[in-house]
Amino acid sequence: MPAGSGTWRPRSEVEQSSRRLSQTAERWGCGDSLQRRQRALAAQLDAGAAPGPSQPKAEGGAPRDQLDEPEGDEGYLAGRRVKPQTLRRHQEAMQGFTAACPRAAGHGCALEEFDAMLEQYLAIQFFSIGARAHEARDVLCGCAWMRRASVAKLPAALSAVEGFRKEGPGSSRDPCPWEAVVAIAAHLMIHDSSLGPWAAAAVLLGLDTYARIGALRAVKAHDLLKPARGVQPARWAPAFSPEPDGEVSKTKTQDDAVLVGEAAAERQWLNRLMVPLVQGLAPEQRALPFGAHKPCASFETAADAIGLGQFKFVPHMLRHGGPSLDALRGVSLPEIQKRSQWAAPRSALRYSKHGRYMRILQSLPRHIRDQHTAKEELLRSQLSSELRSTR
């Protein structure tokens, strides 16, 4: 409900809200931070259950002291009504943040420092763990509730949540063609001497395995399964929800292992990149040694540098590009669905759009298409050695 359009709250509802807040304070030991809220509720009770004609009105017509908001500032519940189950979800999400960042729960944490820690936490959740946009929003709202501040008072975290929405599934629906992926990967390998080869490997594997870049970044050395003996061709398999860790994927499967290069013979050479990914690593170390923002920022910068800025390519388009390319080359829908671990055929149909893939491919700049074969050969011959030299 928009600010200023709140409705009058009966006395019984105010009393129930006060009791719920008291129980929450006792459970979490945060009664001091809720005193202002309790005073606001007490003021509503003292003012009487019925709105009087002399009480000041808010823009929506409700008495201002009857609105569900703390005294003195806008607050988390400013001019809106939140259902108990929604507030409970926000509080549970906030508990995850305070458990990961105990300093944020302390009384001496300034709002600016709190905002910076929350932004970093959200970045880790999205890029490393693969959380979804609505989960980020729950964390933000829960933290705003804890700090008794509106979400606008946490600008860095609010920007991170907006990044979730832009980068997440459902927001970028165009597939990124293989020719564009090869050009971007070659630019990363040549022009970024430190982490460029690793970002290039992540981009190529992202299209081939249909995986989010964040899911690839979270893969550890023991999650990269070596080729089985006696089975040809030899293929590696990243396991995105490995069974030993007990993690269950979104589709309720226990072991989301995807064979590299299985869907297309011309991508079989990507298996060469898997050996340097695990070389010299302990089992619990991450295979891709870059931070949360590196692959996304590098991908977009490289796309702009080679003349693809008008397409506004983002890493999630790789997850659309792989299924679209394989559908165009005759891979069946059940195979695409199994490879991508989607629960329903409708999801595979939404991601495999070979008609749109062909239109984007035809509109690529001529130099991208003309140099494709040479750049792919460059990646085949040099990327594996570049990964070994920069480990």
Side-chain angles (χ1 to χ4, degrees), residues 130 178 181-182 185 189 197-290 318-319 321-323 325-327 329-343 348 376-391:
W178 173 245
V181 171
V182 168
M189 182 186 73
W198 300 97
V203 167
L204 294 167
L205 292 172
L207 183 137
D208 182 70
T209 62
Y210 310 169
R212 300 186 311 273
I213 295 295
L216 280 171
R217 182 183 172 273
V219 170
K220 299 177 181 177
H222 64 71
D223 300 331
L224 295 176
L225 309 180
K226 297 181 179 180
R229 290 184 178 179
V231 177
Q232 294 296 330
R235 295 192 179 103
W236 287 69
F240 297 109
S241 292
E243 188 174 358
D245 293 342
E247 298 178 5
V248 180
S249 73
K250 186 174 68 174
T251 55
K252 309 302 181 186
T253 55
Q254 280 283 3
D255 194 358
D256 292 348
V258 176
L259 291 171
V260 175
E262 177 192 26
E266 58 269 26
R267 300 201 300 266
Q268 172 67 23
W269 66 272
L270 295 177
N271 283 279
R272 303 178 197 167
L273 309 181
M274 308 306 289
V275 176
L277 288 184
V278 299
Q279 185 177 16
L281 293 183
E284 292 296 325
Q285 286 184 281
R286 295 187 187 276
L288 295 171
F290 43 64
L318 301 173
R319 185 160 166 81
L325 173 60
D326 293 338
R329 292 179 173 174
V331 179
S332 67
L333 184 65
E335 290 180 81
I336 291 176
Q337 180 186 346
K338 178 179 180 296
R339 183 171 180 79
S340 57
Q341 302 294 332
W342 287 308
E376 184 170 350
E377 184 58 36
L378 179 68
L379 291 170
R380 286 172 181 255
S381 60
Q382 295 187 20
L383 183 54
S384 179
S385 59
E386 288 290 336
L387 291 173
R388 288 190 175 92
S389 64
T390 55
R391 168 62 75 181

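In what follows, every heavy atom counts, from backbone to side chain, and hydrogens, waters and symmetry copies are set aside.
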**Q.** side chain to side chain contact (heavy atoms under 4.5 Å, CB included) involving Leu288 - partner list, sequence neighbours excluded
**A.** Trp198, Ala202, Leu216, Leu277, Phe290
Q: Taking all non-hydrogen atoms of both residues into account, name the closest pair between Leu207 and Gly321 and its distance.
A: CD1-C, 4.2 Å
Q | Partners passing salt bridge (Lys or Arg N to Asp or Glu O under 4.0 Å) against Arg380 (at least two apart in sequence or in another chain) | A | Glu376
**Q.** Closest non-hydrogen atom pair between His222 and Leu225, with its separation
**A.** O-CD2, 4.1 Å
Q.
Holding to side-chain hydrogen bond (donor to acceptor under 3.5 Å, both in side chains), I want the full list of residues that pass it with Gln232, two or more places apart in sequence or in another chain.
A. none
(Q) Looking at every non-hydrogen atom in both residues, tell me the closest pair between Met274 and Pro238 and how far apart they are. (A) CE-CG, 4.2 Å
Q: Check salt bridge (Lys or Arg N to Asp or Glu O under 4.0 Å) between Arg339 and all other residues, then give those that pass, not counting sequence neighbours.
A: Asp208, Glu262
(Q) Quick check for you: to the nearest 0.5 Å, what is the distance between Arg267 atom CZ and Leu205 atom CG? (A) 10.5 Å
**Q.** Rounded distance (nearest 0.5 Å) linking atom OG of Ser381 with atom CZ of Arg272
**A.** 8.5 Å
Q: Determine yes or no for a side-chain-to-main-chain donor-acceptor pair under 3.5 angstrom, with Arg286 supplying the side chain and Lys220 the backbone.
A: no
Q. Quick one: does Trp236's side chain get under 4.5 Å of Leu270's, heavy atoms only?
A. no
**Q.** Pairs meeting criterion salt bridge (charged side-chain N to carboxylate O under 4.0 Å, His left out) with involvement of residues 329-338, two or more places apart
**A.** Glu266-Arg329
Q. Looking only at heavy atoms, which two atoms of Pro233 and Gln268 are closest? And how far apart?
A. CB-NE2, 3.9 Å
Q) What pair of heavy atoms forms the shortest contact from Leu333 to Ala348, and how long is it? A) CD1-CB, 3.5 Å
Q | N/O donor-acceptor pair under 3.5 Å between Asp326 side chain and Ala264 backbone | A | no
Q) Where is the tightest heavy-atom contact between Pro276 and Leu387, given as atom of each residue plus distance? A) CB-CB, 3.8 Å
Q. Run the side-chain contact (heavy atoms from CB on, under 4.5 Å) check on Leu379 and Trp269 step by step: do they pass?
A. CA-CA 10 Å; Leu379 291 170; Trp269 66 272; 3.8 Å; yes
(Q) Which residues pass the side-chain hydrogen bond (donor to acceptor under 3.5 Å, both in side chains) test with Gln279, not counting sequence neighbours? (A) none
Q | Expected output: side-chain Gln382 to main-chain Glu377 donor-acceptor under 3.5 Å | A | no
